[in-house]
Protein chains: 2
Amino acid sequence: MPEPNEDYTPPPLSERMQRGDLMAAACPSRKVLKHVTSRWGVLVLIALEGGTLRFSELRRTIGGVSERMLAQTLQWLEADGMVNRTAHDVVPPHVDYSLTPLGQEAAEKVRLLADWIEFNLPRIAESWADRQSAAVD
Amino acid sequence: MPEPNEDYTPPPLSERMQRGDLMAAACPSRKVLKHVTSRWGVLVLIALEGGTLRFSELRRTIGGVSERMLAQTLQWLEADGMVNRTAHDVVPPHVDYSLTPLGQEAAEKVRLLADWIEFNLPRIAESWADRQSAAVD
DNA sequence: CTTCACACTTACATTTATGTACGTACTTAC
DNA sequence: GTAAGTACGTACATAAATGTAAGTGTGAAG
C-alpha cells in the first residue's frame, strides 16, 4: 500500500488538457465515457459483441430496458462512431445494429470490466454482509 | 462483420441468473457497475490508483466534483469493498483514502477503458464531425 | 481577533435520466 | 375482422443524480 502523499498538488490544467484528460472538468472524453458507461450503453455494447442484432432483439436481450432508452442509447453510440445502423426499407421495419471497429474495441474494455464484476460479485458481496447497517445505497 | 441473427431468442432467465448476469434486470452486478462506472466513481478509482489521497486532495484532483458527490461516491466504493477509509483522530480532521486489493483490480479495468477513450478521442471526434446536424447530446 | 482549512452532513433546488403511454403504417397470422 | 409485431418519435410524469449553500468544531496562521 502506497504512502500518504502529504503535500499533493495537481498538475496544471494546461498540461492536463494537451491529450484528453478525464480529470479536467471540460474534457470531451467525459461525454464519451458517459455514453459508454451509461446504464444501457454498457449492455448494448456487450450484447452487440455477440453479433448483429435487430432493435427488438436487443430489447429482449437486455432485461428491463425501455424502447425509449434503447433508441436513445443506440443514437448516442451511433453518433460516437461505435455502432452501425442499417435500415432495410421494408414494412414492417427491419433495422440491424452492429459494432464498428471502434465499437468493438470499446466493447472489449467494457466487457472486461463487466466480466470482472460478475466474477467477483461474491467478494464484493462480502463487504455488503460485513458492514452491519449498510444501507448506503 | 457478423451476419444478422434472424431468429434470436435470449436464454432462459433461470440459466442467466446462476452466475451473475448483467443482462438480467435484477442482477446485483448492476448495482456495482453503477457505482464503479458512475460519473465520479471512475475518476475516484483512477485517482487512487496513483496512491493514497486525502479527501481534499481527491477534490482538487478530480475537476468539477462537489464535496457532496465525492463523499457519496467514496461511501459507495467503501461499501463495495473497493476503498479503504482511514480517519486519524486529530483536529483538523485528517482522512486517507486508498484502494483495497479489490479496488485495485477494478481500477485497472476502469483505467484501461478510460485510457482507451482518451487515446482514441480523435477517432471518435471524427464521427461527431462527419454527421452534419449532430446535436444528439 | 478574524480567517481559513479540514472532512464531512444536511436541506433544498435543479438538472438529468429514465419510465409510461400512445401513435404510426403496413403486413402477416389467427 | 382483429390482433400482434416492427422501430421508432413524442409528450408527459417520475425517479435519480447532481449542484449549491450553509453549518460543524477546532487549531494554526495572519
Side-chain angles (χ1 to χ4, degrees), chain A residues 4-9 25-26 30-31 33-44 48 52-79 83-98 133 135-137, chain B residues 4-9 25 30-31 33-44 52-79 83-98 133 135-137:
Chain A
N5 198 344
E6 282 304 342
D7 48 357
Y8 176 85
T9 314
R30 288 202 180 172
K31 181 172 141 191
L33 190 67
K34 189 168 104 186
H35 296 161
V36 166
T37 65
S38 71
R39 180 168 183 192
W40 307 117
V42 174
L43 303 178
V44 165
L48 289 181
T52 298
L53 290 176
R54 300 179 58 170
F55 185 87
S56 54
E57 291 169 342
L58 275 168
R59 180 149 154 64
R60 282 188 293 268
T61 302
I62 300 172
V65 71
S66 65
E67 295 192 349
R68 187 181 165 287
M69 283 314 295
L70 182 55
Q72 170 85 272
T73 303
L74 285 167
Q75 284 168 12
W76 284 341
L77 295 178
E78 196 196 351
V83 163
N84 282 320
R85 178 181 181 276
T86 313
H88 304 97
D89 196 4
V90 294
V91 55
H94 184 143
V95 182
D96 286 321
Y97 288 96
S98 61
S133 46
V136 180
D137 193 55
Chain B
N5 198 344
E6 281 305 341
D7 47 358
Y8 177 84
T9 314
R30 287 201 181 174
K31 181 173 141 191
L33 190 68
K34 189 168 106 183
H35 296 160
V36 167
T37 65
S38 70
R39 179 167 183 192
W40 307 117
V42 174
L43 303 178
V44 165
T52 298
L53 290 177
R54 300 179 59 168
F55 185 86
S56 54
E57 290 168 342
L58 274 168
R59 180 147 155 63
R60 282 189 292 269
T61 303
I62 300 172
V65 71
S66 64
E67 295 191 351
R68 188 183 166 283
M69 284 314 297
L70 182 56
Q72 171 86 271
T73 303
L74 286 167
Q75 285 168 11
W76 284 341
L77 295 178
E78 195 194 354
V83 162
N84 283 318
R85 178 181 182 277
T86 312
H88 306 96
D89 198 4
V90 294
V91 56
H94 183 144
V95 182
D96 285 322
Y97 289 96
S98 62
S133 45
V136 180
D137 192 60

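Below, chain A is the first sequence line, B the second, and so on; all start at residue 1. Note that the structure is predicted; figures quoted are calculated from it, not measured.
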Please write out the pairs of protein N or O atoms and N or O atoms of nucleotides 6-10 of chain C separated by less than 3.5 Å, giving the distance to one decimal.
residue : atom : partner : partner atom : Å
C:dC6   : O3'  : B:R54   : NH2          : 2.9
C:dC6   : O3'  : B:P93   : O            : 3.0
C:dA7   : OP1  : B:R54   : NE           : 2.7
C:dA7   : OP1  : B:R54   : NH2          : 2.8
C:dA7   : OP1  : B:V95   : N            : 3.3
C:dA7   : OP2  : B:S56   : N            : 3.1
C:dA7   : OP2  : B:S56   : OG           : 2.7
C:dC8   : OP1  : B:R85   : NE           : 3.3
C:dC8   : OP1  : B:R85   : NH2          : 2.6
C:dC8   : OP2  : B:Y97   : OH           : 2.5
C:dC8   : N4   : B:E67   : OE1          : 2.1
C:dT9   : OP2  : B:Q75   : NE2          : 2.9

Length of the line joining [X]:[atom1] and [N]:[atom2], which is rounded to integer Å:
X	N	atom1	atom2	answer
A:W40	D:dC8	CH2	P	18 Å
B:R30	D:dA16	CZ	P	15 Å
A:L70	C:dT20	CG	P	14 Å
A:M69	D:dA16	CE	P	14 Å
A:E78	D:dC8	CD	P	9 Å

Quiz item: Do B:T73 and B:R39 have side chains that get closer than 4.5 Å, going by heavy atoms?
Solution: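 They are not in contact (no side-chain heavy atoms under 4.5 Å apart), so the answer is no.
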
Quiz item: How would you label the contact of A:R59 with the nucleic acid (heavy atoms, under 4.0 Å): base, sugar-phosphate, or nothing?
Solution: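 Contact class for A:R59: none.
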
Quiz item: When you check the phosphate oxygens OP1 and OP2 of C:dT16, does a side-chain N or O of A:K34 lie under 4.0 Å from one of them?
Solution: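 No.
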
Quiz item: Is the phosphate of D:dA17, meaning OP1 or OP2, less than 4.0 Å from a side-chain N or O of B:W76?
Solution: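 Negative; the distance criterion is not met.
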
Once you round to the nearest 0.5 Å, how far does [atom1] of [X] lie from [atom2] of [Y]?
X	Y	atom1	atom2	result
B:R54	B:R60	CZ	CZ	8.5 Å
A:Q72	A:L77	CD	CG	10.5 Å
A:L43	B:L33	CG	CG	7.0 Å
B:K31	B:W76	NZ	CH2	11.0 Å

Exercise. Could you tell me which non-hydrogen atom of A:L74 sits nearest to which non-hydrogen atom of A:V83, and how far apart they are?
Key: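 Scanning both residues, the minimum pair turns out to be CD2-CG1, 4.4 Å.
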
